[in-house]
Amino acid sequence: MTVAMRVMISSEEIQAKVKQLGDKINAHYAQSDKELVLIGLLRGSVIFMADLCRAIEKPHELDFMTVSSYGGGTVSTRDVKILKDLDGEINGKDVLVVEDIIDSGNTLSKVVEMLKTRNPNSIELCTLVSKPSRREIDLEVKFLGFEVEDRFIVGYGLDYDQKYRHLPFIGEIGL
Ligand code: IMP
Ligand code: MG
């Protein structure tokens, strides 16, 4: 099946941005003597995380969790459930949560709430893409790649029906 695909962010732009984010993250954590752990939310963050971690010089751990949104259907009742928890402890560590995209902010705000109860030294967020016009919850994303308009995008980890994650660019599909 062939689908129409419009490239929104090229592979070259993504790679340049990942390098810049890596530099900012290096500068931010250079002074901390705490252990650093990158937490990727499965599955969307995997491609970004793989490139980002190689742009970070400070030794760090990689860990992953899977969360799923569920609830009564209305925005205000949405909640987040842990489907796969972290393998390691985060107590006393600097935690950097890595996500493909922040949309309403619901997922990341719930994840941050859950992780805070485990007493890390710090928690910051890094997302490759943000759709600011869709935000329902105000969250500080310390390390942000691109802001995009309210369009459904795929590639570089982002899926439509679990497909297109492998694309090296971010594109819009003509559905
Ligand atoms: P939030 O909880 O509304 O911020 O939702 C974030 C999650 O929605 C992301 O982790 C993605 O899985 C998904 N998502 C939001 N927008 C898009 C998109 O344009 N393409 C693919 N997935 C998206
Ligand atoms: Mg996701």
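When a ligand or atom number is given, it counts from 1 through the structure's own listing order.
- Heavy-atom contacts of Arg151 reach the following atoms of ligand 1: 19 (O) (cutoff under 4.0 Å).
- Leu115 contributes atom CG, which lies 5.5 Å from atom CE of Met65 (distance to the nearest 0.5 angstrom).
- Contact atoms of ligand 1 toward Asp100: 9 (C), 10 (O) (distance under 4.0 Å to a heavy atom of the residue).
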As a quick check of understanding, evaluate salt bridge (charged side-chain N to carboxylate O under 4.0 Å, His left out) for Lys93 and Asp63, giving each step before the final call. CA-CA 13 Å; Lys93 296 179 184 173; Asp63 208 340; over 6 Å; no
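- One N or O on the side chain of Asn26 and one on the backbone of Ala55 form a donor-acceptor pair closer than 3.5 Å.
- Between Asp100 and Arg165 there is no salt bridge, since no side-chain nitrogen of the basic residue lies less than 4.0 Å from a carboxylate oxygen of the acidic one.
- In this structure, the side chains of Arg134 and Ser104 stay at 4.5 Å or more apart for every pair of heavy atoms.
- Across the listed options Leu139, Ile153, Val67, Leu41, Ile153 owns the non-hydrogen atom lying nearest to atom 21 (C) of ligand 1.
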His28 and Phe143: CA distance, side-chain angles, deciding distance, ring-ring contact (aromatic ring centres under 6.0 Å, His included) verdict: CA-CA 10 Å; His28 182 80; Phe143 307 103; 5.5 Å; yes
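- Contact annotation: for Asn106 versus ligand 1, heavy atoms closer than 4.0 Å belong to both the backbone and the side chain.
- Proximity to Gly105 (heavy-atom distance under 4.0 Å) selects the following atoms of ligand 1: 1 (P), 3 (O), 4 (O).
- Listed by number with element, the atoms of ligand 1 under 4.0 angstrom from any heavy atom of Lys131 are 16 (N), 17 (C), 18 (C), 19 (O).
- In this structure, of Val148, Ile101, Ile173, the residue bringing a heavy atom nearest to atom 11 (C) of ligand 1 is Ile101.
- Per-residue contacts place Asp159 under 4.0 angstrom from the following atoms of ligand 1 (heavy atoms of the residue considered): 21 (C).
- Taking every non-hydrogen atom of Leu158 and a distance limit under 4.0 Å, the qualifying atoms of ligand 1 come out as 21 (C), 22 (N).
- Ring geometry, Tyr156 versus Phe48: the interplanar angle falls from 30° to 60°, so the pair is classed tilted.
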